[in-house]
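Reading through the structure tokens given below for one structure.
Atoms within a ligand are numbered from 1 in the order they appear, just like the ligands themselves.
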Amino acid sequence: MKYQVEASELSYLTSIMRIGDSKMPVVLKIQSKVLKTMTDILLGKGFQWILPVILAKSTDPLWPDPGYSIEDRIEVEVYGTRVKTMQSMIVHKRVLVSLGPEKIFILSPNIRIESRKRMITGKHLYEFTQLDLEVAYAKMKDIFTLFEELIVKSIEVIKKEMREELELLSRDLRIPTAPFRVYKRAELEKEYGDSWEEEISRTSKDPVWVTDIPRQFYDFQDFETGEWRNYDLILPEGYGEVLSGAEREYEYEKILKKIERDGLRKDDYRLILDLAEKKLLKPSAGAGIGVERFIQYICGLKHIGEVQPFPRIPGIVPDL
Ligand code: AMP
Ligand code: MG
């Protein structure tokens, strides 16, 4: 199916892809500073910096997730074996923190062939990077505190050391106050209906946590209450979701039941199931923050493609 965009939208989208755009060096300078700030904090807390995996037999199914909109999945054969391109390293993170080290992070490139209808959301790319972390035995609250520190410190550093750059971008950036407010998805749904994410993003001054969102099998769900111990972080000013994470399932029977419930192939998750069956899969919690979305917010940019020197906007395949 061909998705139609207005000519003016298309010319805007192609204009932001011009390398040599005067904003690009400033955006990249800010991105470098944010990445340095965040990775320094994590290294200082004893995290190990893991390098990413791109091709694997097992990756994030991304399903079921309320935000799911994948138009294609890439599978290739290497050495006679079918592998997928990485949609997220959740399976790898779970296995690694179980076997050690127990605190890890990765700047993980994710390839997700998002529907071309997402060309003009301003929030979607088909290649992006998550700062993805996982901590054995951690709980939701630990991850909230950790990301609040990463986010507040990054913004403080940018405001303090990059005043001229923010001015050049005409960006009036607010330092958020931690701890951020926590909402339950159901209460927001009750108040705002299906568009709760946009509404809470538009009306909040600071980022907010939203918990208890039904989605992929690996997020922890209390089978007695039905409650999910997972969370999204929603940025203000309409920028929307920037992070998703959870406490994780670690019991064999529950994982198996949920994989079957979601209609997934057990074989794709054999290693994690084997570890769980042997009681070697440690409980953990973690999250991944979308680097480009966070930088887009810091820089106050209209389209996320403006963060990438080689934009990966759904539906558009550039020369580089
Ligand atoms: P997920 O676990 O799928 O929610 O992905 C984690 C984070 O990655 C999200 O909260 C976003 O910040 C970012 N992200 C997910 N999909 C995309 C996309 N298509 N383009 C840009 N960033 C994305
Ligand atoms: Mg998400």
Side-chain angles (χ1 to χ4, degrees), residues 13 31 34-35 38 52 59-74 85-94 105-134 143-144 147 150-151 154 180 185 188 196-198 200-201 207-220 228 230-248 285-299 301-308 310-316:
L13 291 169
Q31 179 173 272
V34 168
L35 289 175
M38 288 185 155
T59 188
D60 192 334
L62 298 178
W63 172 263
D65 185 300
Y68 183 87
S69 171
I70 295 296
E71 152 169 332
D72 205 359
R73 287 169 186 269
I74 303 176
T85 52
M86 194 61 64
Q87 301 198 119
S88 103
M89 279 182 65
I90 180 64
V91 178
H92 296 75
K93 286 198 307 176
R94 291 290 287 116
F105 74 89
I106 316 134
L107 282 165
S108 171
N110 290 180
I111 300 171
R112 300 186 187 175
I113 310 304
E114 297 277 3
S115 158
R116 66 197 73 195
K117 289 187 179 157
R118 292 191 157 178
M119 183 188 283
I120 50 176
T121 59
K123 295 178 178 155
H124 293 93
L125 299 164
Y126 59 90
E127 281 185 52
F128 63 94
T129 299
Q130 285 195 54
L131 174 61
D132 206 0
L133 63 80
E134 198 72 20
I143 304 298
F144 286 6
F147 268 99
L150 293 173
I151 287 167
S154 299
F180 305 155
R185 177 212 30 114
L188 292 177
W196 59 265
E197 186 188 324
E198 293 92 87
I200 195 73
S201 175
V208 299
W209 294 105
V210 180
T211 69
D212 190 10
I213 307 159
R215 58 187 178 208
Q216 291 96 313
F217 73 89
Y218 47 76
D219 284 5
F220 187 93
W228 293 73
N230 61 10
Y231 36 87
D232 278 358
L233 186 72
I234 311 295
L235 291 172
E237 299 175 56
Y239 282 94
E241 179 200 319
V242 72
L243 166 156
S244 290
E247 288 179 23
R248 314 296 184 186
I289 185 167
V291 173
E292 294 86 350
R293 280 201 197 163
F294 187 46
I295 302 302
Q296 179 192 10
Y297 168 69
I298 289 190
C299 296
L301 302 171
K302 193 167 155 209
H303 198 289
I304 191 168
E306 292 175 271
V307 174
Q308 292 181 308
F310 309 106
R312 295 304 191 248
I313 298 169
I316 301 179

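- In the candidate list Glu241, Gln296, Gln308, Glu241 is nearest to atom 9 (C) of ligand 1, counting heavy atoms.
- With respect to atom 14 (N) of ligand 1, the closest heavy atom belonging to the protein is Phe128 CE1, 3.4 Å.
- Near Gly288, the atoms of ligand 1 lying under 4.0 angstrom from a non-hydrogen atom of the residue are 6 (C), 7 (C).
- Contacts between Leu243 and ligand 1 below 4.0 angstrom, taking non-hydrogen atoms only, involve the backbone exclusively.
- Contact annotation for Glu114 and ligand 1: only side-chain heavy atoms (C-beta onward) come within less than 4.0 Å of the ligand.
- In this structure the side chain of Thr59 reaches within 4.5 angstrom of the side chain of Met86, judged on heavy atoms.
- Of the protein's non-hydrogen atoms, the one nearest atom 20 (N) of ligand 1 is Leu125 N, 2.9 Å.
- Between Phe144 and Phe180, the ring center distance fails the sub-6.0 Å criterion.
- For ligand 1, the polar-atom distance check against Ile304 finds no nitrogen or oxygen pair separated by under 3.5 Å.
- You'll find the side chain of Arg312 stays beyond 4.5 Å of the side chain of Phe128, heavy atoms only.
- In this structure, Glu292 has no heavy atom closer than 4.0 Å to ligand 1.
- Taking the side chain as every heavy atom from C-beta outward, Ile151 and Phe294 approach each other to under 4.5 Å.
- If you look at Glu241 and ask which of its N, O or S atoms sits nearest the Mg ion (ligand 2), the answer is OE2.
- Tyr231 has its side chain within reach of Ile143: a pair of non-hydrogen atoms, C-beta onward, lies under 4.5 Å apart.
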Could you walk me through whether Asp232 and Arg215 pass the salt bridge (charged side-chain N to carboxylate O under 4.0 Å, His left out) check? CA-CA 12 Å; Asp232 278 358; Arg215 58 187 178 208; 2.7 Å; yes
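- Between the side chain of Gln296 and the backbone N or O of Gly122 there is at least one donor-acceptor pair closer than 3.5 Å.
- Of all protein heavy atoms, the one closest to atom 2 (O) of ligand 1 is Ser244 CB, 3.6 Å.
- Salt-bridge check for Glu127 with Arg112: failed, with every basic side-chain N at 4.0 Å or more from each acidic carboxylate O.
- A donor-acceptor contact shorter than 3.5 Å links the side chain of Glu306 to the backbone of His303.
- Contact between Lys123 and ligand 1 is present, with at least one heavy atom of the residue lying under 4.0 Å from the ligand.
- Protein heavy atom closest to atom 12 (O) of ligand 1, with residue, atom name and distance, is Val242 O, 2.7 Å.
- Residue Arg112 touches ligand 1 through its side chain alone, judged by heavy-atom distances below 4.0 Å.
- In this structure, the protein non-hydrogen atom closest to atom 11 (C) of ligand 1 is Arg293 NH1, 3.5 Å.
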